[in-house]
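Beneath this line is the structure, given in structure tokens, with notes to follow.
Whatever order the structure lists them in is the order used to number ligands and atoms, beginning at 1.
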Amino acid sequence: MNNRLLEYARSRTEGEFYQEPPDLGNQYEKDPLLKSYLQKHLPKEVLEKVEDELIRLGEDAVGRLLAIADEAENDEPELIKFDAWGNRIDYVRTSWAWKKLKDIAAEEGLVAIGYEREFGEYSRIYQFAKIYLYTPSSAIYTCPLAMTDGAAKIIETYAPEALKNYFERFTDRNPENFFVSGQWMTERTGGSDVQPSETIAIHDGETWRLYGPKWFTSAITGQAAMTLARIVEERGGEIIKDERLSLFFLEIYGENGLPNNMEINKLKDKLGTRALPTAELFLKGTPAILIGERQRGVKQIATMLNITRMYNAVSTVAYMRRAYAIAENYAKKRRAFGKFLIDHPLHKRILDEAREELEECFHLAFKVVELQGKDDCNTITEEERLLLRLLTPVAKLYTAKRGFGMISEMVEAMGGAGYLEDTGIAKMLRDAQVFSIWEGTTNVLSLDVLRVMRKTKAIEVWLNWIKRMTGKPETLIKKLEDLLNQQESLEFNAREISMLIGKITGKVLVSVD
Ligand code: MFK
């Protein structure tokens, strides 16, 4: 063979082309949606005060924070049940990076801002703008933060002096003092229907003690948890059980640093959120404090659920935005069939539709945040309170459902690169599946929407509010009204009704913003 030809062939072995990777840039400065929303919804002087913080966090989100989150993802938690001498220790080992994500959350005031209320009813908007920047670069540390925020809200709403110290800890900016709370509801008997739970509470003369199995306990390395149990008493030699569950607060670790009268049996092997330790455990006489009214546990823990559902909605939107940002940037760098992907009308259309979906979900989720801020500061009107109650489950279920589909589309828009672990994109899809499960499935939340419609005038208030903003009858509204009129099929249609409320709210908010 001709030597020159062979030499040429050999020089081609490694090829020449290397794809330039997507480059995100500052996540605040490069996000016109977030920026324009804040410009319209925060008073000028508030935005001026907080903008530097947002710019800094926007930079961290693609630098230091992202690197730490990657490290946490690559060093998953493990349960070490016994020490070298055979003693049961039930130690949940997490990476330094996971611990660092907690410290950063405290320093950023990710829970604290919501309770310091420096900016009154606007504090929640600022808090969630930060959470939105933090979440996709946090290995989902937002999950423990959501529960901690919910626990702070429960203490603020119901709890007596006994837990004041914990309220201070949950809202502390000093990493050394910052405590994290779990929310332990799910048992083997059910995650949606919690009333059949088997955990019981007895009073030993000094304190309440809990006994029973908990099946999904996230934030197991946190310091405290809110949980449900059925109070049991002995009367006249008979064991009498309360009909309904009560709400309890417990400390997870005792003074010796070991789980407080509990056994951690296993860490869950989850599809996503793998840096987050979620455990199965047995409570074996764990001391606990009864919160609020006995047998009103579900009602009282719903205060926490509504906060965590708001986190869920904003976290989904944050994931959607990150997936879109990567796919959009990639489309400007990747060529196929002679031009950049962005210049192909069909590819551009997919990206434009994804952006529209993101905008609708963003506005829906942040409307809930806005109303929650007013509720916290008692500046909310009665009508807005009903809107908040209705839109919280709607925002959670709508964003989770649309978000997963949209993120899947963004993975596809990246082609093979989207399917890879080391581009970090495949992981986003796995994580995003949790948003429609955690804190209530789409069906359970749709039934919550029906609960609100049946118990209050929220749907009438919502319809009036929407019609005031649109000013004209809309096809989607007409379709919804038809479904609402089919009284006998409300449960059958609950998901369609809830999704329509979400879609219409998002669309209308985008159009008036
Ligand atoms: C991110 C990392 C994640 C890690 C992996 C996690 C994987 C997933 C693990 C899980 O298991 S997540 C599942 C978590 N579970 C939930 O989110 C609970 C879902 N179920 C519900 O939300 C049910 O609707 C509920 C348990 C609340 C229903 O229970 P009941 O006993 O049938 O309640 P009922 O009797 O309808 O309501 C009791 C009271 O609470 C009522 O008030 P009144 O007594 O005054 O009438 C309700 O109006 C009130 N209520 C219920 N939901 C409410 C609420 N109030 C305000 N807001 C709400 N959301």
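- For the pair Tyr132/Arg321, a side-chain contact is recorded, criterion being any heavy-atom separation below 4.5 Å from C-beta on.
- Of all atoms in ligand 1, numbered sequentially from 1 with element shown, those under 4.0 Å from a heavy atom of Trp438 are 1 (C), 3 (C), 6 (C), 12 (S).
- For ligand 1, the atoms sitting less than 4.0 Å from at least one non-hydrogen atom of Leu276 are 2 (C), numbered in the order shown with element in parentheses.
- Set against the non-hydrogen atoms of Gly440, the atoms of ligand 1 under 4.0 Å away are 16 (C), 17 (O).
- Between Lys270 and ligand 1, a contact under 3.5 Å exists for no N or O pair.
- The proximity of Asp448 to ligand 1, defined as any non-hydrogen pair under 4.0 Å, is limited to the side chain.
- Considering backbone and side-chain N/O atoms, Arg309 comes within less than 3.5 Å of an N/O atom of ligand 1.
- Looking from atom 27 (C) of ligand 1 to the surrounding protein, the closest heavy atom is Val298 CG1, 3.7 Å.
- Residue-ligand proximity, Ser192 to ligand 1, at heavy-atom distances under 4.0 Å covers atoms 19 (C), 20 (N), 21 (C), 23 (C), 26 (C).
- Remark: ligand 1 and Ser218 share no N or O pair separated by less than 3.5 Å (distance only, no angle test).
- Close approach of ligand 1 to Arg244 (heavy-atom distance below 4.0 Å) involves ligand atoms 31 (O), 35 (O).
- Neither the backbone nor the side chain of Lys268 has any atom closer than 4.0 Å to an atom of ligand 1 (non-hydrogen atoms only).
- Residues meeting the ring-ring contact (aromatic ring centres under 6.0 Å, His included) test with Tyr37, sequence neighbours left out: His41, Phe362, His363, Phe366.
- Note: Phe248 and Trp208 have perpendicular aromatic rings, judged against thresholds of 30 and 60 degrees for the angle between ring planes.
- The closest approach between any non-hydrogen atom of Arg296 and ligand 1 is below 4.0 Å.
- Remark: ligand 1 atoms within the under-4.0 Å shell around heavy atoms of Asn306 are 56 (C), 57 (N), 58 (C), 59 (N).
- Given atom 48 (O) of ligand 1, the protein heavy atom at minimum distance is Lys455 NZ, 2.8 Å.
- The single protein non-hydrogen atom nearest to atom 36 (O) of ligand 1 is Arg451 NH2, 3.0 Å, given as residue, atom name and distance.
- Note on ligand 1: Ile140 sits outside its first shell, no heavy atom being nearer than 4.0 Å.
- Ion pairing of Lys427 with Glu421 is absent here, as no side-chain N (NZ or NE/NH1/NH2) approaches a carboxylate O to less than 4.0 Å.
- Taking Trp98 as the reference, Tyr141 meet the ring-ring contact (aromatic ring centres under 6.0 Å, His included) condition, with sequence neighbours excluded.
- A cation-pi arrangement is absent between Lys457 and Trp462, since the terminal nitrogen or guanidinium carbon is not both under 6.0 Å from the aromatic centre and inside a 45° cone about the axis.
- Compare Gln300, Gln195, Arg454 by their heavy atoms: the one nearest to atom 31 (O) of ligand 1 is in Gln195.
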